[in-house]
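Here's the structure we're looking at; comments come further down.
The model shown is predicted, which means the values in this text are computed figures rather than measured ones. All values below were derived from every heavy atom in this structure, side-chain atoms included, with hydrogens, water molecules and symmetry-related copies excluded. Note on naming: letters A, B, ... go to the chains in the order of the sequence lines (proteins, then strands), and numbering restarts at 1 for each one.
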Amino acid sequence: MILNLKHIAKNFGEIEVLKDINVDLKEGEILTILGASGSGKSTILNLIAGFEKPDYGSINIYGKDTRQKEPHERNVGFVFQNYALFPHLNVFKNISFGIGKIDISKQTLQVEKLLKLTGLQGCEKRYPHELSGGQQQRVALARTLATNPKLILFDEAFSNVDAILKSKIQKELISIIKRSRVSAVFVTHDSKEALSISDKIAYLKDGKVSQFSTPKDIYNKPSSKSVGHFFGKANFIEKAGKNYCVRPEECIIKKSGKHKGLITNISYHGERQEVELDFKYNEKEYKFITYVDKNFDLTNTKSLNFDIIWKNSNCMDIYTMQP
Amino acid sequence: MVILPIILIVFYGLGTDGENLQHLKDTVLLKYIGTTAKLLLFVSILSLIFGIGSAFIVTFYEFRFQKTYTIGLVLPFVIPAYILGFIYSDIFGYYSYLHIFLMDLGFKNYFDVLNFNTVSFVLALALYPYIYLMVRASFLKNANTLLRPALSLGMSKEKALFRVVLPLNRVAIVGGLSLVLMETISEYGVVSYYGVDTLSTAVFKSWFDMGDSGSASYISSIAMIFILVILLIEKFSQGRARYTAESASLPFEKIKLKGIKAFFVHTFLSIPLLFGFVLPFIWIVNYTFKYAKERIDEEFFIVILNSFVASAFASFIIIILAVILAYTYRLAPSIYTKYINKFASLGYSMPGAVVAIGIIILFADFDHYLIENFGFKELLLSGTLFALVFGYVVRFLAVGLSSVLSSFEKVELNINKASRNLGKTPLQTLFQIELPLLKNSLIIAYILVFIDTIKELPLTLILRPFNYETLATKTYELAINEMVQESAVYAFCIILICFIPIIFNLKDHK
Amino acid sequence: MLKKLIAGVVLVSSIVYASSEVNVYSHRHYDSDKQLFKMFEDKTGIKVNIVKAKANELMMRLEKEGKNSPADIFITADVGRLYLAQSKGLFQKIDSQYLNETIPEQLREKDGYWFGLTKRARVIVYNKDKVKPSELSTYEDLTAPKWNKRVIIRKSSNIYNQSLLASMIDSQGREKAKIWAEGIVKNMGRAPTGSDRDQMKAVVAGVGDVAIVNTYYVGQLLNSKKSNEVMVGKKMGVFFPNQGEGERGTHINISGAGVTLSSKNRDNAIKLLEFLASPEAQKVFAEANYEYPANPNVKASKLIQSLGTFKEDSIELYKYGVYNAEAVKIFDEVNWK
């Protein structure tokens with residue numbers, strides 16, 4: 001086990017930021033801690049890196065307890081939201097900063113390896129303010145990799161990245177992480193990002209992890225309505241005493257469909273149309289959101305017939321369902 | 001160690017008879033408190049207008065001589081308030097050349113300058129640069145994030161100033177203002193000469209005139225209450241906003257001014273510049289040339305050397321202490337470290353003479369102890385250069401600390417974290433990352449402290465070793481003997497010494 | 001570089017302590033004093049070391065340094081502080097035949113705790129254009145209604161004002177002294193501020209018509225390098241009050257010195273005091289600073305002589321010190337700023 005958080009609690013003054021956090025991470029895995037802003041997710045990173053001390057609970061890194069370890073003794077990488085590059089040092093010196101006392105030629109060799117890995121060859125003489133945002137991030141990553149950590153923490157890694165470049169940069173970064181065979185903890189408020197980069201996702205709400213599972217499970221089997229809504233559009237429908245999370249795409253529009261819904265709203269999204277329907281199921285009224293093909297002509301349509309693809313996998317017990 | 005003399009003063013003589021205190025309470029104390037409050041109010045208003053107004057104009061507007069103003073507006077800082085006071089009485093007082101000239105022109109009525117209003121004006125002129133410097137730095141840091149969006153939202157400039165600029169820079173404003181207020185409370189030279197009775201007067205009266213240290217410490221604690229209020233306001237203004245803005249500020253576009261607006265700007269800026277620096281400086285230069293021959297002798301150079309050594313040495317210690325305190329606070333901002341910092345600042349709010357007496361008590365007790373228990377032959381520390389330097393440290397640590405704290409704030413905390421995360425200890429981080437990044441700010445902090453120590457008078461008078469004259473003591477000695485004009489040579493040197501690093505530094509900074 | 005400088009300064013100051021020397025704490029800030037100490041050094045080879053600050057603060061330093069204090073002599077610019085230092089046990093008795101013979105009895109402490117070196121009179125000055133000397137008589141007369149809004153005097157924190165009031169407490173009792181202070185406050189042309197020179201400038205400017213100042217300030221004005229100050233000096237008339245039959249005489253004060261109890265260079269200290277009382281030193285006091293020499297064999301400067309002779313208040317001077325605290329309180333009670 002690379003990382004293990006048990007019963008972590010942390011207060012700032014009167015405010016309980018974290019109440020009971022339990023998370024673990026295996027070697028080579030990527031974990032994303034997801035939550036709204038102010039949910040305490042960055043605090044978790046600060047606790048792991050040792051910048052803050054937990055009020056309660058234990059943090060094990062690489063199988064060892066960290067209670068007595070100062071930040072500089074933990075060998076955990078940290079890539080900051082704004083990268084926190086040292087502005088007075090050039091790229092080479094930034095990267096070599098954390099390398100221990102070894103002779104210059106070995107050091108140069110190692111930095112060159114990292115420059116190559118992160119695609120920064122030729123930038124070593126430049127200063128941080130002369131680099132693009134994406135380059136800065138790669139320097140930050142290379143700087144961290146230079147200390148050979150087995151675990152790297154990323155605080156809002158893509159929040160400063162241009163939306164158009166985002167997926168490209170995500171892919172590059174993940175590929176570097178996988179090639180370097182390190183584990184990583186990402187912190188973000190972006191559910192799409194979490195789903196696409198993670199092996200595991202921990203959803204943080206009210207100081208607790210309300211769901212900790214794989215991206216597929218967390219999307220298909222959300223443990224609560226709030227988790228369900230966080231990862232995309234969702235319909236919650238009761239059937240035979242069970243509560244089902246039906247994603248809009250789990251629905252087939254056809255004339256012979258079992259259910260009939262009245263169209264209340266249509267919005268065009270380019271790749272598809274989003275339609276809101278009022279329909280009744282087992283004597284209960286629902287608002288149902290579904291997707292319709294982008295070319296489907298809805299101009300004179302007042303209602304739609306459809307079938308829901310019920311899957312046992314996306315049902316939750318109604319009694320444990322939280323708002 | 002540094003706060004020991006202050007604690008000593010507060011507790012010294014507690015329990016002595018309160019007869020004098022009762023007398024003061026019955027007669028003048030309330031009036032003194034009232035005058036102090038009024039003086040604080042007047043000086044605040046004036047120095048805020050001078051400080052913020054000029055900082056705003058030189059930061060966000062472009063006009064002729066804008067760069068000259070930018071540097072020039074710092075300069076009143078180098079003229080000690082007491083010298084400014086003496087000069088104004090000499091220039092504008094009764095039967096000054098100006099008065100005689102006006103009489104020759106047939107003017108019958110003339111104004112008296114030796115009063116409260118002049119003191120407010122003089123103190124505001126001498127002290128507003130604190131606000132100007134801190135606020136301008138803060139403006140520069142926030143310029144991009146603040147004014148442009150506000151203006152693009154269609155706010156008028158005036159509205160933007162009050163709704164966005166001032167609230168966002170309140171930490172710097174209140175920080176500068178609290179330094180101004182502390183200096184005002186501890187000020188004694190100008191207020192006593194101009195006949196304005198503040199709490200400082202009461203402290204001197206009870207302690208030195210009546211020999212009643214108990215009452216003096218009681219009154220000092222009243223002054224402390226003023227300071228605590230100031231510190232609370234400062235704390236309140238910082239609130240929970242422990243913000244770490246982006247480290248580098250991008251260049252931004254200044255608004256060009258022409259015509260009538262530019263004329264108003266020039267008028268506004270020239271008031272503090274003219275009265276705070278140009279006019280007194282011309283006076284000083286004039287009399288320096290007149291009396292230079294008589295005053296420049298062998299002693300003159302020893303005096304300069306003395307001033308330089310004591311101030312340079314003290315400022316060095318202050319900056320080191322300030323870095324230690326500020327860095328400890330940065331790594332672990334707890335209530336404990338916060339209060340240590342507040343406490344360390346108390347020396348600044350006390351009159352220099354009172355701090356000096358605290359140190360005399362401390363060192364004398366220490367020396368007697370050495371003599372009685374360890375067979376020392378004579379006083380080890382009392383009356384030495386060390387005592388003087390220590391006095392400067394106690395009194396001016398606050399200046400160093402507040403500017404070091406604010407310069408630390410300019411470097412985002414994540415940079416420190418990043419270094420520690422890369423395996424460097426806090427100490428290695430300080431030396432390899434923080435200090436190189438802070439180099440310029442630390443030099444400025446050093447200069448600020450250096451200027452303050454070189455200007456300091458009452459503390460120097462009391463604590464100095466035998467035959468030890470500094471520029472401040474010489475200036476004062478001549479001024480107090482009503483040879484103000486002859487003191488110009490020494491005042492000129494104080495200004496020159498302070499001048500060089502400031503100019504050098506401002507140029508370096510562009 | 002810095003280290004060298006510091007080392008240098010420490011070295012210089014330790015050399016200073018090494019040889020035959022005398023250490024002085026002085027409240028007097030005059031250039032002429034420096035000249036006197038130089039003369040003494042040249043004559044005797046004894047080095048004079050000085051710390052100059054305000055008397056009260058130096059006294060505090062003396063007190064706290066106690067028996068280990070390096071100071072040998074404490075010089076003040078008024079007698080009240082000499083008395084205070086004596087009553088705090090900071091001085092020791094000196095029995096010097098020369099000093100006893102040279103300095104008149106009134107100007108020294110009877111047991112030899114301190115000795116007056118120079119004398120100054122606190123007089124009434126008036127605007128020659130507006131006031132005739134015949135209108136003036138005594139300090140007390142300045143409280144009369146005719147002087148309403150015409151009297152200018154500096155703050156009550158000034159020691160010479162305190163001594164003046166103390167002398168009145170002694171001669172007339174607390175009640176009458178307080179009535180006098182009240183009367184002066186009522187007649188003030190402006191709230192007290194500035195120095196003695198500023199009082200005279202205000203008189204010439206017409207803020208008031210008379211002021212109470214020390215004699216040597218008149219001399220300084222008349223000999224100023226600034227033409228406007230000379231103008232002020234020339235417009236001022238000097239009047240010695242309380243000269244009439246049965247009146248107590250003009251108030252005087254002294255600048256003086258005593259040898260500290262802790263003195264480690266007692267012989268040198270006495271030598272210095274004797275030198276300062278000697279005609280050659282007294283002449284410097286008289287000429288350079290327009291003070292009246294304590295040594296009756298030395299004449300005052302020509303300028304001061306031209307002000308005329310006068311009857312001095314014959315009060316025992318130490319009483320200024322006795323009543324000093326009381327005087328400060330009265331000033332507060334009558335709201336004399």
Side-chain angles (χ1 to χ4, degrees), chain B residues 20 23-24 26-28 89 93-97 99-100 110 112 114-115 192-197 201 204-205 207-211 290 305-306 308-309 312-313 316 353 356-357 360-361 364-365 367-368 371 378-379 382-385 458 461-462 464-468 473 477 480-482 485, chain C residues 2 5-6 8-10 13 16-17 23-24 29-31 49-54 56-61 64-66 68-70 84 88 154-155 157 162 190-198 201-202 204-205 207 217 220 225-229 231-232 264 324-325 328-329 332-333 335 337:
Chain B
N20 291 320
H23 159 78
L24 287 172
D26 289 345
T27 53
V28 289
S89 130
Y94 283 127
Y95 252 72
S96 56
Y97 288 118
H99 185 200
I100 294 170
Y110 193 66
D112 193 358
L114 290 172
N115 57 28
S192 64
Y193 179 62
Y194 278 70
V196 173
D197 293 319
T201 323
F204 276 76
K205 183 178 235 155
W207 199 335
F208 297 131
D209 287 353
M210 298 177 173
K290 210 161 171 185
L305 184 71
N306 282 345
F308 204 82
V309 169
F313 195 45
F316 188 66
I357 295 298
I360 284 183
I361 296 172
D365 286 352
D367 285 345
H368 293 320
I371 290 170
E378 49 187 33
L379 299 170
S382 302
T384 60
L385 191 60
L461 281 177
I462 304 174
R464 59 186 163 156
F466 282 109
N467 308 328
Y468 197 86
T473 65
E477 182 183 318
I480 204 70
N481 283 322
E482 322 234 349
Q485 298 92 7
Chain C
L2 188 66
L5 280 176
I6 293 161
V9 169
V10 171
S13 45
V16 160
Y17 288 109
N23 298 325
V24 180
H29 290 273
Y30 306 113
D31 265 11
N49 301 312
I50 321 159
V51 174
K52 284 173 286 184
K54 289 187 185 148
N56 286 329
E57 295 155 8
L58 286 173
M59 223 185 306
M60 191 79 73
R61 183 162 162 179
K64 293 300 157 202
E65 289 170 345
N68 300 313
S69 173
L84 200 59
K88 284 182 174 178
R154 68 196 287 189
K155 290 184 63 175
S157 59
Q162 292 171 8
R190 69 164 176 188
T193 179
S195 64
D196 271 6
R197 268 195 222 204
D198 292 319
K201 287 179 190 169
V204 177
V207 181
Y217 286 110
Q220 285 175 3
K225 284 170 190 160
K226 289 183 74 183
S227 57
N228 60 339
E229 297 204 324
M231 267 169 82
V232 173
K264 293 172 190 63
N324 188 269
V328 171
K329 282 183 186 170
D332 283 346
E333 284 163 19
N335 196 18
K337 269 183 75 185

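B:Ile462 touches chain C through backbone and side chain together, each having a heavy atom under 4.5 Å away. Contact of B:Ser192 with chain C is made through the backbone alone, with heavy-atom distances under 4.5 Å. Heavy-atom distances place the side chain of C:Val207, and not its backbone, under 4.5 Å from chain B. For C:Leu58, no part lies near chain B; criterion is any non-hydrogen pair under 4.5 Å. For C:Ser227, the parts lying near chain B are the backbone and the side chain together; criterion is any non-hydrogen pair under 4.5 Å.
Proximity of C:Lys155 to B:Asp197: side-chain heavy atoms (C-beta onward) are separated by under 4.5 Å at one or more points. In this structure, C:Met231 and B:Ile100 have side chains that are in contact, with non-hydrogen atoms separated by less than 4.5 Å. Contact of the C:Asn68 side chain with the B:Asp367 side chain is not registered, since no non-hydrogen atoms from C-beta on lie closer than 4.5 Å.
Taking CD1 of B:Ile361 as the start and CZ of C:Arg61 as the end, the distance is 13.5 Å to the nearest 0.5 Å.
Annotation: maximal heavy-atom pairing with chain B below 4.5 Å, among C:Val51, C:Asn56, C:Asp332, occurs at C:Asp332. Contact tally against chain B (heavy-atom pairs below 4.5 Å) for C:Ala202, C:Ala325, C:Pro192, C:Ser157: the top residue is C:Ala202. For the options C:Lys201, C:Lys337, C:Lys226, heavy-atom pairs under 4.5 Å to chain B are most numerous at C:Lys226.
Shown here for B:Tyr193 and C:Ser195, the closest heavy-atom pair between the two residues is CE1-N, 3.9 Å. Listed here is the closest heavy atom pair of B:Leu461 and C:Ala53: O-CB, 3.5 Å.
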